[in-house]
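Data block below; observations after.
Treat the numbers as computed from the prediction; the structure is a model and nothing was measured. We use all heavy atoms of the structure for the numbers below, so side chains are in, but hydrogens, waters and symmetry mates are not. Order of appearance sets the numbers: ligands from 1, and atoms from 1 within every ligand.
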Amino acid sequence: MNTLRFDFTNVLADAVGPKHGLTEAELAAITGPSRQALARVQARRDADLRWLDLPYQADVLSAIESFAASVRGRFDNVVVCGIGGSALGTIALHAALNAPTHDLAPTGGIPRLFVLDNVDPDWIADVLGRLDPARTLVNVISKSGGTAETMSQFLIFRDRLVKALGEEAHREHLVVTTDEHKGVLREIVEREGYASFVVPDGVGGRFSVLSPVGLLPAALVGIDVRELLAGAAYMDQRCRVEAFDENPAQVHAAVQYLMQTAKQKPIAVTFAYSHRLRLAADWYAQLLAESIGKRADRDGNDVFAGPTPVRAVGVTDQHSQVQLYVEGPFDKWFTLLSVERPERTLEIPHAFADLEGVAYLGGRDMGELFHAERDGTRIALTEAGRPNATLSLERVDAHGLGQLIQMLEVSVAIMGEHYGVDAFDQPGVEAGKIAAYALMGRAGYEERRAAIEAASGRAPRVV
Ligand SMILES: O=P(O)(O)OC[C@H]1O[C@H](O)[C@H](O)[C@@H](O)[C@@H]1O
């Protein structure tokens, strides 16, 4: 069984010292609050934390698989127009489960995937120019159904499809994932008759990768979404367990919370010792930052909470950031994402037998070097008193990714209880959106902008 494990030995005091490691007393003190936090999270499953039950949505899974089967072989390119929680999960799944084989060219009926989570015209225009509209399917994803970045991309790709294929035919090249009833995008779906899927109520954007938001693009590029949900369901059962030590989400949430509060380490570094899991760290960065990074607690008191997520890739960032991590400020703790058994083997050839400085590599497997470097980093961090935990999978597969996603989502929900903040809203993104919409002349936003300036007493210059 490809079981996800969270090893936190090297965040304990006897590994990295009491000043930086968790003591038995600190862990004992948090097990009670952790169990209560878990109970509060689980009690909201069918109220507003419906993302907890995404692994069990059999009807949605069947609809996704049917849609993907119905278009199999018709497209060389799938373009996702989406941003934030409407994109990062798909990017992570793609990098982990099929990018190595399909980034370069469509093979075996599996299309290339382009996830456009930016509006940089140099990028969007370049992708647009490469695609044959007749062989391209566009999946527009927006929970709110009005995000300017996504809607602008939609207008551009729709225009390109209509001009190339005609008003009628273009509809078969667009599928939309949005709210069931609300938002401009839903109105357009009804008017244009596009195929569509639903981002369910009670499923926030950053918690939506196991909804059609992530499942549809994944299924379109041949990822085993059934196994993905099976892994998430398996982990959901593990994350319901009350016993602290047997519940990876409880332990992970407690370690994150204590590292920041008891050990004054506000920076959480995810060090992915897996090229395929590297973008799972980007998905987690949004999940952690947007859920816990809050000005006020649930009682409205200013707390300015939240760890700062940093993404690093092993071995690559041993050669760029580890100097800071081993010798710099004691303001970070580390989680290594590790894969115990790489899928491929790659033997290092024997050569230059007389030159020991290279001959020692001959005959070894590249995976052995990868693991030696990972363990070397762990040893260096621990010896320097830098707390480091390891999230490990035996191999990178859909079941394992489902486990990782579900565990981290439940952990962040529990963290919200520990930090005392609402982990499921994102008021801090509104000001930027309002300013951008005002600058783009969207109706009603100039007034909202003026109200913010009046309330803050500051009228920042738009440079
Ligand atoms: O899916 P959408 O409604 O277009 O939202 C896309 C993103 O917009 C904002 O940035 C929110 O903070 C994110 O949580 C969300 O994922």
Considering the heavy atoms of Ser144, write down every atom of ligand 1 situated less than 4.0 Å from one of them.
-> 2 (P), 3 (O), 4 (O)
Evaluate the ring planes of Phe207 and Phe424, with Trp represented by its six-membered ring, and classify them as parallel (under 30°), tilted (30 to 60°) or perpendicular (over 60°).
-> tilted
Which atoms from ligand 1 have a heavy atom of Gly84 less than 4.0 Å away?
-> 16 (O)
Starting from atom 7 (C) of ligand 1, which protein heavy atom do you reach first, and at what distance in Å?
-> Ile83 O, 3.8 Å
Run the salt-bridge test on Arg45 and Asp53 with the 4.0 Å N-O cut-off and return the result as yes or no.
-> yes
May I ask you to identify the nearest protein heavy atom to atom 1 (O) of ligand 1, giving residue, atom name and distance to one decimal place in Å?
-> Ser86 OG, 2.6 Å
What is the ring orientation for Tyr234 with His399, classed by angle as parallel under 30°, tilted 30 to 60°, or perpendicular over 60°?
-> tilted
Who's closest to atom 14 (O) of ligand 1 heavy-atom-wise, of Gln426, Arg206, Glu290, Glu149?
-> Glu290
Nearest heavy atom to atom 2 (P) of ligand 1, choosing from Val140, Thr147, Val199, belongs to Thr147
Going by heavy-atom distance to atom 16 (O) of ligand 1, choose the closest among Cys81, Gly82, Gly85.
-> Gly85
Identify, for atom 8 (O) of ligand 1, the protein heavy atom at the shortest distance, and state residue, atom and that distance.
-> Lys433 NZ, 4.0 Å
Side-chain donor-acceptor pair present, Asp236, Tyr56, cut-off under 3.5 Å = yes
Tell me, do Asn10 and Leu381 make a side-chain contact under 4.5 Å, heavy atoms counted?
-> no
Heavy-atom donor-acceptor pair, Gln250 side chain to Glu242 backbone, under 3.5 Å | yes
Note: ligand 1 atoms sitting under 4.0 Å from heavy atoms of Gln286 are 13 (C), 14 (O), 16 (O)
Between Arg158 and Glu167, does at least one N-O distance fall below 4.0 Å, as a salt bridge requires?
-> yes
